[in-house]
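Structure record follows, encoded as structure tokens.
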There are 2 protein chains.
Amino acid sequence: MSRTPHHPTREQIELPMVLDCLSDPIRLAIVYQLAQQERVSSELRCSDFSALSGKSNLAYHFAKLRECGLMQTRVAGTNRFMRLRREDLEARFPGLLDAVLSSAAKDAERLPLVSGCDLIEVDRK
Amino acid sequence: MSRTPHHPTREQIELPMVLDCLSDPIRLAIVYQLAQQERVSSELRCSDFSALSGKSNLAYHFAKLRECGLMQTRVAGTNRFMRLRREDLEARFPGLLDAVLSSAAKDAERLPLVSGCDLIEVDRK
DNA sequence: TCGATAGTTCAATGAATCTTGAACATAGGG
DNA sequence: CCCTATGTTCAAGATTCATTGAACTATCGA
């Protein structure tokens with residue numbers, strides 16, 4: 001559990017995998033919330049997403065989001081801090097992430113996008 | 001077989017379904033080829049995609065593309081003419097389709113995007 | 001009317017996916 | 001040093017998905 005999880009390099013990011021990752025409502029909500037958080041701190045803990053599903057199911061979705069290159073995990077003590085790989089995504093597929101995010105924002109009422117917690121208070125490390 | 005297949009209304013188009021549709025390489029290739037074709041005629045027959053897979057598998061993917069609102073089918077005799085629902089997509093999720101298409105174009109070598117037939121000669125009806 | 005063509009529909013199979021709970025590993029606080 | 005909190009991993013289940021071939025429908029042309 002101590003090693004940093006595997007992430008693909010920028011060039012290894014594949015379009016179908018990215019789209020497939022974003023097509024799951026829970027993962028879309030995770031990415032959406034991470035994007036919202038970028039204005040404040042750019043990182044969130046796993047437990048910040050507990051409203052979306054159970055721990056073990058979230059770990060499964062986190063793994064998929066890492067494997068497809070959408071986000072990165074930094075291990076710090078017993079916490080994992082996740083952040084969007086925005087620069088890599090933008091270099092690889094310009095405009096794609098923002099187009100998906102603004103589409104998701106437009107449909108916020110229909111999607112399980114983080115009911116309640118708009119922005120999360122941050123005070124860490 | 002004579003009735004026009006079901007299509008969702010503009011407002012019924014859902015983001016996760018659209019992304020899921022586009023995450024399949026064959027469907028992405030279909031959409032990509034339809035977009036290429038827009039410069040010439042905006043419509044293609046089912047058989048124009050026969051390089052991608054067999055007839056019955058293509059019918060399966062066409063159905064998914066219709067159900068999620070990405071394309072429309074017009075029945076004309078024994079042919080079906082398909083075209084992108086670009087205006088509806090643009091109204092619903094502005095910029096999304098173009099972002100995906102330009103991302104696909106950037107990765108054209110990695111994707112099964114219509115080997116060979118760049119643009120298809122059109123002379124119909 | 002007969003035959004060929006264009007697509008769909010159906011059934012079946014194997015693969016992949018999502019979800020859950022239990023067990024596990026690791027770090028931090030008393 | 002124990003106890004707790006944070007996440008991961010594993011096994012199992014149910015569901016969905018992609019692919020294939022065969023059967024079918026409907027239209028057009030000779």
Side-chain angles (χ1 to χ4, degrees), chain A residues 1-7 14 16-30 34 43-68 71-83 111-112 120 123-125, chain B residues 1-7 14 16-31 34 43-68 70-83 111-112 120 123-125:
Chain A
M1 179 180 173
S2 55
R3 80 182 190 292
T4 296
H6 168 263
H7 301 85
E14 303 278 355
M17 289 186 67
V18 169
L19 295 175
D20 186 52
C21 253
L22 294 171
S23 74
D24 182 279
I26 288 184
R27 290 193 293 263
L28 182 58
I30 292 170
L34 277 172
E43 282 185 329
L44 282 178
R45 284 194 304 264
C46 297
S47 59
D48 291 326
F49 302 93
S50 56
L52 293 170
S53 186
K55 286 199 319 181
S56 106
N57 193 24
L58 284 178
Y60 164 75
H61 287 299
F62 291 148
K64 299 219 92 174
L65 285 164
R66 279 193 302 261
E67 285 160 19
C68 85
M71 68 178 214
Q72 198 166 26
T73 301
R74 177 175 67 87
V75 178
T78 153
N79 291 317
R80 260 103 170 132
F81 290 98
M82 5 228 19
R83 66 162 229 270
L111 299 168
I120 291 168
D123 175 30
R124 54 184 57 132
K125 259 280 205 23
Chain B
M1 177 181 175
S2 53
R3 80 180 189 293
T4 296
H6 169 261
H7 301 84
E14 303 277 354
M17 288 186 68
V18 169
L19 295 176
D20 186 53
C21 253
L22 294 171
S23 73
D24 181 277
I26 288 185
R27 290 193 291 262
L28 182 58
I30 292 171
V31 169
L34 277 173
E43 281 186 329
L44 283 177
R45 284 193 305 263
C46 297
S47 60
D48 291 327
F49 302 93
S50 57
L52 292 170
S53 187
K55 285 200 318 178
S56 105
N57 193 25
L58 283 179
Y60 164 75
H61 288 298
F62 291 149
K64 298 218 93 175
L65 286 165
R66 278 192 302 262
E67 286 161 17
C68 87
L70 269 167
M71 67 178 215
Q72 198 166 24
T73 301
R74 177 174 65 88
V75 178
T78 156
N79 291 317
R80 261 100 172 136
F81 290 98
M82 5 225 22
R83 68 161 227 271
L111 299 168
I120 291 168
D123 176 29
R124 52 184 60 129
K125 255 281 202 20

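Excluded from the calculations below are hydrogen atoms, water molecules and symmetry mates; all remaining heavy atoms, backbone and side chain alike, are included. Proteins get letters first, then strands, A, B, ... in listed order; numbering begins at 1 in each.
One can place CZ of B:R45 at 14 Å from C1' of D:dT27, the figure rounded to the nearest angstrom. Counting to the nearest Å, the P atom of C:dT20 and the CG atom of A:L52 are 12 Å from each other. Rounded to an integer number of Å, the gap from B:L44 CG to C:dG7 C1' is 16 Å. Between the P atom of C:dC24 and the NZ atom of A:K55 lies a distance of 14 Å, rounded to the nearest Å. Look at CZ on B:F81: it is 15 Å from P on D:dT27, rounded to the nearest Å. Regarding A:M17, its CE atom lies at a distance of 12 Å from the P atom of C:dA16, rounded to whole Å. Put simply, CZ on B:F62 is 8 Å from P on C:dG7, counting in whole angstrom units.
The phosphate of D:dA5 (OP1 or OP2) has no side-chain N or O of A:S47 nearer than 4.0 angstrom. Look at A:R80 and you won't find any side-chain N or O under 4.0 angstrom from OP1 or OP2 of D:dT6. Distances shown here put a side-chain N or O of B:N79 below 4.0 Å from the OP1 or OP2 atom of C:dG7. Of the side-chain N and O atoms in B:R66, none sit less than 4.0 angstrom from OP1 or OP2 of C:dG7.
Legend: residues meeting side-chain contact (heavy atoms from CB on, under 4.5 Å) with B:Q72, ordered by chain and number and at least two apart, are B:H7, B:R83, B:R85. Considering only residues two or more places apart in sequence or on other chains, B:S53 meets the side-chain hydrogen bond (donor to acceptor under 3.5 Å, both in side chains) condition with B:N57. With sequence neighbours left out, B:F49 forms a ring-ring contact (aromatic ring centres under 6.0 Å, His included) with B:F62. Scored by the side-chain contact (heavy atoms from CB on, under 4.5 Å) test, A:A63 finds A:R66, A:E67 as partners (sequence neighbours excluded).
Considering only the side chain of A:A59, D:dT9 comes nearest among D:dT9, D:dA5, C:dT8.
The heavy-atom pair separating A:I26 from A:L52 by the smallest distance is CD1-O, 4.0 Å.
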Take B:C68 and B:E14 through the test side-chain contact (heavy atoms from CB on, under 4.5 Å) and record every step on the way to the result. CA-CA 7 Å; B:C68 87; B:E14 303 277 354; over 6 Å; no

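Taking the side chain as every heavy atom from C-beta outward, B:P16 and A:L111 approach each other to under 4.5 Å.
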Grab the N/O contacts between the protein and nucleotides 13-20 of chain D below 3.5 Å, and write none if there aren't any.
from, atom 1, to, atom 2, distance (Å)
D:dA18, OP1, B:R27, NH1, 3.3
D:dA18, OP1, B:R27, NH2, 2.9
D:dA18, OP2, B:Y60, OH, 2.1
D:dT19, OP2, B:N57, ND2, 3.2
D:dT19, OP2, B:H61, NE2, 2.8
D:dT19, O5', B:N57, ND2, 3.4

